[in-house]
Amino acid sequence: QVQLVESGGGSVQAGGSLKLSCVADEYYLSVNCMAWFREAPGQGREAVAAKYTAGTMTYYADSVKGRFTVSQDNAKNTVYLEMNSLKPEDTAMYYCAASSLRCMPSTWFWQSEYTDWGQGTQVTVSS
């Protein structure tokens, strides 16, 4: 298993930006897919973005496409989620997740694909 620690959350006004970080331990090298999920009060956990760690493939939910960017720094065992043009509806607890099995267009957004999860970092966007 991979230990994951998220950071970078906070409070920002609508239209602002935040950059989240997810730092993994040495088992990061066994990971094929790193994803970001979010969970807001009254809503289920929603897939936001994912990246195939051995290549350039990325995936985004329609609600964040064009505003969020997922990237990685393998030297630091870190995956990032840069969030721009933030909206109040982006307010949620954001979780980092890892899968060592696959990272495919048809399955990346399934919670069951991920076996390792961080503790979450809160993002609050005010009007």
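What you see below is based on every heavy atom in this structure, not just the backbone, and it leaves out hydrogens, waters and symmetry mates.
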- prompt: With a 4.5 Å limit on heavy-atom distance, are the side chains of Ser21 and Tyr80 in contact?
  reply: yes

query: Is there side-chain contact between Asn77 and Asp25, with at least one heavy-atom pair below 4.5 Å?
result: no

- prompt: Just wondering, are more than 12 heavy atoms of other shown residues or ligands nearer than 6.0 Å to CD in Gln1?
  reply: no

message: With rounding to the nearest 0.5 angstrom, report the OG1 to OH distance, Thr58 to Tyr52.
response: 13.5 Å

message: Would the distance check show the side chain of Tyr59 and the main-chain N or O of Cys103 forming a donor-acceptor pair, the cut-off being under 3.5 Å?
response: yes

message: Between Val5 and Tyr94, is there shared hydrophobic-cluster membership here, with clusters defined by ILVMFWY side-chain heavy atoms closer than 4.5 Å?
response: no

- request: State plainly whether one hydrophobic cluster holds both Trp36 and Met83, where clusters connect Ile, Leu, Val, Met, Phe, Trp and Tyr through side-chain heavy atoms under 4.5 angstrom apart.
  value: yes

- request: For Thr91 and Val125, indicate whether the former's side chain and the latter's backbone hold a donor-acceptor pair under 3.5 Å.
  value: yes

query: Any donor and acceptor pair, going by atom type alone, linking the side chain of Ser100 with main-chain N or O of Ser30 inside 3.5 Å?
result: yes

- request: Would you check if Met34 and Leu4 make a side-chain contact, meaning some heavy-atom pair closer than 4.5 Å?
  value: yes

query: Donor-acceptor pair, Tyr60 side chain versus Val70 backbone, under 3.5 Å?
result: yes

field: Polar side chain donor-acceptor pair, Ser99 to Asn32, under 3.5 angstrom
entry: no

- request: Would you name the heavy atoms of Val123 and Leu20 that are closest together and state the gap between them?
  value: CG2-CD2, 4.0 Å

message: Measuring from atom CD of Gln72 to atom CG of Leu81, what distance do you get when rounded to the nearest 0.5 angstrom?
response: 13.5 Å

- prompt: Do the non-hydrogen side-chain atoms of Thr78 and Tyr28 ever get within less than 4.5 Å of each other?
  reply: no

- prompt: Any link between Leu18 and Val64 through a network of hydrophobic side chains (Ile, Leu, Val, Met, Phe, Trp, Tyr) touching at under 4.5 Å?
  reply: yes

field: Distance (rounded to the nearest 0.5 Å) between Gln111 CD and Trp117 CH2
entry: 5.0 Å

task: Provide the closest heavy-atom pair for Ala92 versus Arg38 in the form atom of the first, atom of the second, distance.
output: CB-CB, 3.8 Å

query: Going by an N to O cut-off under 4.0 Å, is there a salt bridge joining Glu82 and Lys19?
result: no

query: Closest heavy-atom contact between Val2 and Ala24?
result: CG1-CB, 3.7 Å

message: Taking the side chain as everything from C-beta on, heavy atoms only, tell me whether Trp108 gets closer than 4.5 Å to Met57.
response: no

Considering all heavy atoms, the nearest Ala47-Ala61 contact: O-CB, 3.4 Å

From Ser106 atom OG to Glu113 atom CD, the distance as rounded to the nearest 0.5 Å: 8.0 Å

- line: Closest non-hydrogen contact found for Ser85 with Ser17 is N-OG, 4.3 Å

field: Short N-O contact, Asp90 and Lys87, less than 4.0 angstrom
entry: no

- request: Check for a donor-acceptor pair, side chain of Gln119 on one end and backbone N or O of Glu6 on the other, with a separation under 3.5 Å.
  value: no

- prompt: Do Ser63 and Glu89 pass the side chain to side chain contact (heavy atoms under 4.5 Å, CB included) test, and can you show the C-alpha distance, the side-chain angles, and the key distance before you say yes or no?
  reply: CA-CA 10 Å; Ser63 60; Glu89 49 263 47; over 6 Å; no

- request: Check whether any side-chain heavy atom of Phe37 sits under 4.5 Å from a side-chain heavy atom of Tyr114, and report yes or no.
  value: yes

query: More than 12 non-hydrogen atoms from neighbouring residues, nucleotides or ligands closer than 6.0 Å to CD on Gln13, yes or no?
result: no

